K.L.:
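Dumping the structure here so I can ask a few things about it.
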Amino acid sequence: MEQEIKELILSNSVDLFGQQIDEQLIQFQKTRKDIEGDLTLVIFPFVKLLKCSPQDAGNRIGELIVDKLIDIDRFAVVGGFLNLTISDQYWLNQLKRIHAEPTFGCSEPNSKPLMMVEYASPNTNKPLHLGHLRNIFLGYSVAEILKANGHKVIKTQIINDRGIHICKSMLAWEKFSPINEKGERETPENTGLKGDKLVGKYYVEFDKHFNQEAKEIILQWEQGSFDGFPVAICDEFQRLTLAKSGKDEKTCEGIDAKIKDLAKNQTSLLLEAKEMLIKWEARDPQVYLLWSTMNSWVYAGFEATYDMMGVDFDHLYYESDTFLLGKDIIMDGLNRGVFFKKADGSVWIDLTAEGLDEKLVLRSDGTAVYMTQDIGTAVDRLTDYPDVSGVIYTVGNEQDYHFKVLFLILEKMGYSWAKNCSHLSYGMVDLPSGRMKSREGTVVDADDLMADVIAEATEMTKERGHIEGMSDEEKNHLFRQIGLGGLKYYLLKVDPKKRMLFNPEESIELNGHTGPFIQYAHARIQSLLAKAGVTEGSTLEFNPSDLEPSERDVLKWLTEFPAHMNEAASDLSPAVLANYTYELVKAYNHFYQSVSIMIETNEDKKRMRLVLSANVAKVIRQSMRLLGIEVPNRM
RNA sequence: GGUCCCAUAGUUCAAGGGAUAGAAUAGAAGUUUCCUAAACUUUAGAUACAGGUUCGAGUCCUGUUGGGACCA
């Protein structure tokens, strides 16, 4: 409709305005709720051209539109706004069109280029937490939205499975795990712990002993005993200690932190971990076996969590496979003058011309930094999937700078696909008490949280749900759908770019702007359709003479679904769909409350209302599916 | 020290430069003789501050304050 009006104005613009006008001047918006009309054209941009009042300009354009377009019943100019009222027949035809399209709102599958979406990308030492939930739900949903918009999509993640931190948990397990009567150390099997939790436990264990040892070293140093430590370290300690005298509290704290780092580097635990890393890099069979065993525990644990979340991946990348990549590319870039070498042998890129600074891409000892690896991984992926047209990295916004630099480097290296790479940057999830901190034990564990919301959903559903006659299996499935639906909706309804607050009590809320609110509407429609003896695809003829305001309103929202799908895809924002669906459901609930369906005596109206309801259900289901949320038929 | 991000009802979120800034929640008051009341209806309450650009600014620009992140 907007397109038709636009074309009409453009093709008549010489008559109307005496000149060809810019398409940009034609701006539409939805008519305000309290004013008559469906569609509003903003008149202000034309006023200058016409050299007349907005009122006259609106009238002239309005007359043309009503004259030429049969579906526009009438118009009214209010202020600088031309409000157009669209005919009931137009809306009814829209409903028929929507009803005939089982995949309304979606584009032809695989009709658009291949995109790669990276998300999750955990560290194997730490169980998944609330921050990962936002990341994972977001990445999964964006991938699904792109698919529904016609893209081919590969979901991927890179697993951070190597490095000194991994050796820490391996070492801690070897040193501190108790041995049972069978002579075994702790395993997921003999403890019943999830693998990721067990390994995470030993990572924490390492840290505890590590800090303790560092503390003891400092104590020893303070007592003047430096036996067995390098002279340089002892000198540094004394220099730092002296520097503290006479300084304010804050400066002293900073110096104490430096002293602690100094001591940490001298701990036997860290030295052993470093030794282990060297052995791992040399593929020492014993270390390698331990590493792969503990990793397999973690993967089994993650797998269980992903399964509960209802997300999946098409291709996994492991840092242990990719960490050596990138160095050759850096050397190549160095030869081509993209990078430069500093006196100490480290390799840098100069981005000052782009308003950034100089960035390290390879250390002086030739070891890789994150940037080196990311360059390597990106190129590697393009080798695996030559037809990828772009990569979307779902990573927190604390890495904004990193990705800006990464994409710039790729561009400077001459990769044509670099311009299609984008960072799906999302804000941190805060708790009412502030940021999650592992040291303060405020990290919200992903498994625990999911179990909590499901438990809450179980209780609430038993209290007020319609679950008579369901088997236990069906009930449990429903509790999970509601609990996780609420959690996912809670995390996805907020604009991803923004930092958000996670309030544990609100996340399990069932009233208001929530997932269960939307699920409930769907269940209610399904119940209605079942009672009426129709299915969503039923072909029902209808041609009522007029539409109620609430019916028009629902139809308007329904018609807008494709536009919001597009917006969600181009903005990479599931929140767009979440908020749209909420508005649709609100309009539907209002309609449901204000008109009767089953006892309507006018069969045309009754059939139309059933079809309308069926299509609202269809759109709810489609839209929620893209958010990874299942909608039950009963609840 | 440098760069980037954020600031809207008590609280959590909306608002492609366009009309009287929407919701939800907490608060107050209502609606089940008919389709699921996890619903609906009514009610009260907000653009951090100071300038600027514009016919028009929550939205764009500059500065201030407050919060956060990153780089060294």
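Just so it is clear, the structure is predicted and the values come from calculations on it, not from any experiment. Order of the sequence lines sets the chain letters (A, B, ...), proteins ahead of strands, with each chain counted from 1.
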K.L.:
Kindly state each residue pair satisfying side chain to side chain donor-acceptor pair (under 3.5 Å) with at least one member in residues 525-538 of chain A, sequence neighbours excluded.
P.N.:
H522(A)-Q526(A), Q526(A)-E536(A), T535(A)-S538(A), E536(A)-R621(A)
K.L.:
With salt bridge (Lys or Arg N to Asp or Glu O under 4.0 Å) as the rule and sequence neighbours excluded, what pairs involving residues 551-565 of chain A come up?
P.N.:
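The answer is K30(A)-E560(A), D38(A)-R552(A), D38(A)-K556(A), D88(A)-R552(A), E551(A)-R609(A).
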K.L.:
Would a line drawn from the ring center of F517(A) to the ring center of Y520(A) be shorter than 6.0 Å?
P.N.:
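So the answer is no for these two rings.
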K.L.:
Sequence neighbours excluded, which residues qualify as ring-ring contact (aromatic ring centres under 6.0 Å, His included) partners of F502(A)?
P.N.:
Y490(A)
K.L.:
Residues two or more places apart in sequence or in another chain: which of them pass side chain to side chain contact (heavy atoms under 4.5 Å, CB included) with T40(A)?
P.N.:
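Testing T40(A) for side chain to side chain contact (heavy atoms under 4.5 Å, CB included), a comparison that skips the adjacent residues, returns Q29(A), T31(A), F81(A), N83(A).
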K.L.:
Using the ring-ring contact (aromatic ring centres under 6.0 Å, His included) criterion, which residues pair with Y489(A)? Sequence neighbours excluded.
P.N.:
H513(A)
K.L.:
Going by the rule ring-ring contact (aromatic ring centres under 6.0 Å, His included), which residues pair with F75(A) if we only count those two or more places apart in sequence or in a different chain?
P.N.:
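Scan of F75(A) (ring-ring contact (aromatic ring centres under 6.0 Å, His included), adjacent residues dropped) gives none.
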K.L.:
What residues from residues 350-363 of chain A pass a heavy-atom cutoff of under 4.0 Å to RNA chain B?
P.N.:
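Heavy-atom cutoff 4.0 Å gives D357(A).
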K.L.:
Quick check: does any side chain N or O of H466(A) sit under 3.5 Å from a backbone N or O of M635(A), one acting as donor and the other as acceptor?
P.N.:
yes
K.L.:
Show every salt bridge (Lys or Arg N to Asp or Glu O under 4.0 Å) that has at least one partner inside residues 494-514 of chain A, sequence neighbours left out.
P.N.:
D430(A)-R499(A), D495(A)-K497(A)
K.L.:
Which letter, B, S or -, goes with each nucleotide of nucleotides 35-48 of chain B from 5' to 3', with contact meaning a protein heavy atom under 4.0 Å?
P.N.:
BBSBBSS-------
K.L.:
Can you list the residues that meet the ring-ring contact (aromatic ring centres under 6.0 Å, His included) rule with F17(A), with sequence neighbours excluded?
P.N.:
F46(A)
K.L.:
Would you kindly say whether K618(A) and N615(A) are connected by a side-chain donor-acceptor distance under 3.5 Å?
P.N.:
yes
K.L.:
In the 5'-to-3' direction, what one-character label does each nucleotide of nucleotides 10-21 of chain B receive under the scheme B = base within less than 4.0 Å of a protein heavy atom, S = sugar-phosphate only, - = no such atom?
P.N.:
--SSS-B-BBB-
K.L.:
Stem list for RNA chain B, please, built from Watson-Crick and G-U wobble pairs under 3.5 Å and keeping only runs of at least 3.
P.N.:
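Stem segments, range with range: B:1-7 with B:65-71, B:10-13 with B:22-25, B:27-31 with B:39-43, B:48-52 with B:60-64.
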K.L.:
Look at K606(A) and C34(B) and indicate whether a side-chain polar atom (N or O) is within less than 4.0 Å of OP1 or OP2.
P.N.:
no
